[in-house]
Amino acid sequence: MRFSWLSKQLRRFFPSLNVKPEHFEVMESKNLVKEGKAEVLYPPYVFYNPVQEFNRDLTIAVISQIAKEKFRKSQQSLKHIKQKQTSTDQEENNDVIAKDSEGEDDLEAGKYYENGIRILEGLAASGLRSVRFGLEIPGVKEIVANDFDKAAVEIIKENIKINKMEHLIKASNGDAAMVMYENREKDKRFDVIDLDPYGSPHLFLDAAVQAVTDGGLLCITCTDAAVLCGNSPETCHSKYGSVSLRTKYCHEMGLRIILRSVEAHANRYSRYIEPLVSVSVDFYFRVFVKVHSGQGKVKRSLSKLSTVYHCVGCGTHHLQRLGHMIPTKGEGNYKYTPGSGPVVRETCDDCGFRYNVGGPVWAERMHSPEFLQALIGSVEKDKERYNTAKRILGMMSVVNEELHDVPFYYTTEGLCSILHCEMLSFSTLRSAFLNAGYRISLSHCDKDSIKTDAPSSFVWDVMRAWTKEKPVKERHIQDNTPCKGILSKPCASDVSFEIHPDSNPESRLKGLTRWQTNPEKNWGPKPRAKRQFTDDDESKAGKKARKQNSEAVEPNGENDSRPCKHFQKGHCRHGESCKFVHCTK
């Protein structure tokens, strides 16, 4: 059965290929991908990137945690009902509570649960991710693996059969946005929606925030890092509604632009987001957010956003909130006002250069510390489930150590390059901030990062104090440069470089795999998969165009009256033997 279907597909796209049954095993071994518990076939026209195994492992870990949370809530509701029914016997109530609390760890992957979670993978390609969801995530009711390409959907169906997941996974052929729009009614919504497009997900966000349940999870990948990191601010604004900037902290800014965009889409439908995990990894961004409903909470969204002022000289950054929440009488009551400013002068106080303006961006926490701790504990407990467990634990530990209430960071290399001075060691720089009473951390976005709640004036005081110990060469201190502007000002703070006992973060002391080396040669984004058209959905115009193109390739007989296009461009290699007419018009 599998051979007949595969051979039919091969004949469709390679008419001259003679496929025989004895060739099947060879072809199957070449196209068989094993990842996690899944084994899937993928032909050349279906997109697959092995480097994103970390993405898929992390997603499975996050969704597994969400499934446990939903099961726990449903069990708590069941407890409440049973407590009412057996209120006359308190001991019996305690037995019921004990049994229900134990059930959370008894969930099995690959098994159907009537009260389990429903998952939609909007752009499934080969279906590998959906198959892994079915085989590795406990507490699942249904998984819908959707793709717009009919040929890809046939592969998905075959992979479902190979892995014996017919009872959990359903293949769907349709536009991802339309599938979500068709399921936006409350009783049809998905508990989890996973969007992993090639490029930007902006076309699907409006539908996604409507089709996910209240408190449900959106998993979103963005691979258009160049746009989000400031190479095309106008394109970023057209897709995400924010202006990106080319800065040292551009990867965190990209994450905050994505979160702001999802929040904006959700606000239109009286919904708002709760970020759980937001990471910049390899060549893409990945965010996991819960979507909640509540018009009262939506009003707070304006105060969660900020405009970014970035100095083009020294790289100092300042944030200006778009709105403020002012507490009033009564618990939970607020007055909402516009933001006040400007927070900066026309030129930078540190170096005298001008500012670029970007944003708006999400200025609140990008991660949930509570969720991160639960996630780390879960992965630590079941390391054998994930091939990239070490990297998950290392990166999530760094993420958990970040200063969650401090947007953006500096880099040691960036600070030293401005002043043309000798580099500081990791411990020396951290100690200077800790000795002064400020908080400091790394950012998972850059292993050379400095995230601190210290003002920019103290950051440069630290660097001025360092240049006194390691003087800058005179030839670098030139007029009209950030270096001259910064070093011409006195150091206004007491700076101590004595090594602080907390200068090494816990993740570094434990020797965790915090920063991954290149996973393979040429590990970046793969080429976009080409859609395979069938005879049914191919337009007549397309057939006609291909026919005309094919006729233009070869001449009609010895004396073709059509002009030679190569001769007109000046590079016909046939000369007088050319069967087309050599003319200059």
Any side-chain heavy-atom pair from Val379 and Leu58 closer than 4.5 angstrom?
no

Please indicate whether Glu506 has more than 12 foreign heavy atoms, meaning atoms of other residues, nucleotides or ligands, lying under 6.0 Å from its CD.
no

Inter- and intrachain pairs under ring-ring contact (aromatic ring centres under 6.0 Å, His included), touching residues 380-407, at least two apart
His367-His404

Applying side-chain hydrogen bond (donor to acceptor under 3.5 Å, both in side chains), name anything that partners Lys451, two or more places apart in sequence or on another chain.
Glu252

For the pair His251 and Phe285, name the ring-plane relationship: parallel under 30°, tilted 30 to 60°, perpendicular over 60°.
tilted

Can you find a heavy atom in the side chain of Ser64 that is under 4.5 Å from one in the side chain of Arg385?
yes

Got a salt bridge between Arg365 and Glu402, using NZ or NE/NH1/NH2 to carboxylate O under 4.0 Å?
no

Close side-chain approach of Leu41 to Leu32, heavy-atom, < 4.5 Å
yes

For the student: nearest non-hydrogen atoms of Ala389 and Lys383, plus distance:
CB-O, 3.6 Å

Return the set of residues passing side-chain hydrogen bond (donor to acceptor under 3.5 Å, both in side chains) with Tyr269 (not counting sequence neighbours), or none when no residue passes.
Asp206, Gln210

Given the side-chain rings of Tyr272 and His292, with only the six-membered ring counted for Trp, is the space between their centroids under 6.0 Å?
yes

So do the side chains of Cys219 and Val62 get within less than 4.5 Å of each other, counting heavy atoms only?
no

May I ask you to check whether Gln295 and Ser270 show a side-chain donor-acceptor distance below 3.5 Å?
yes

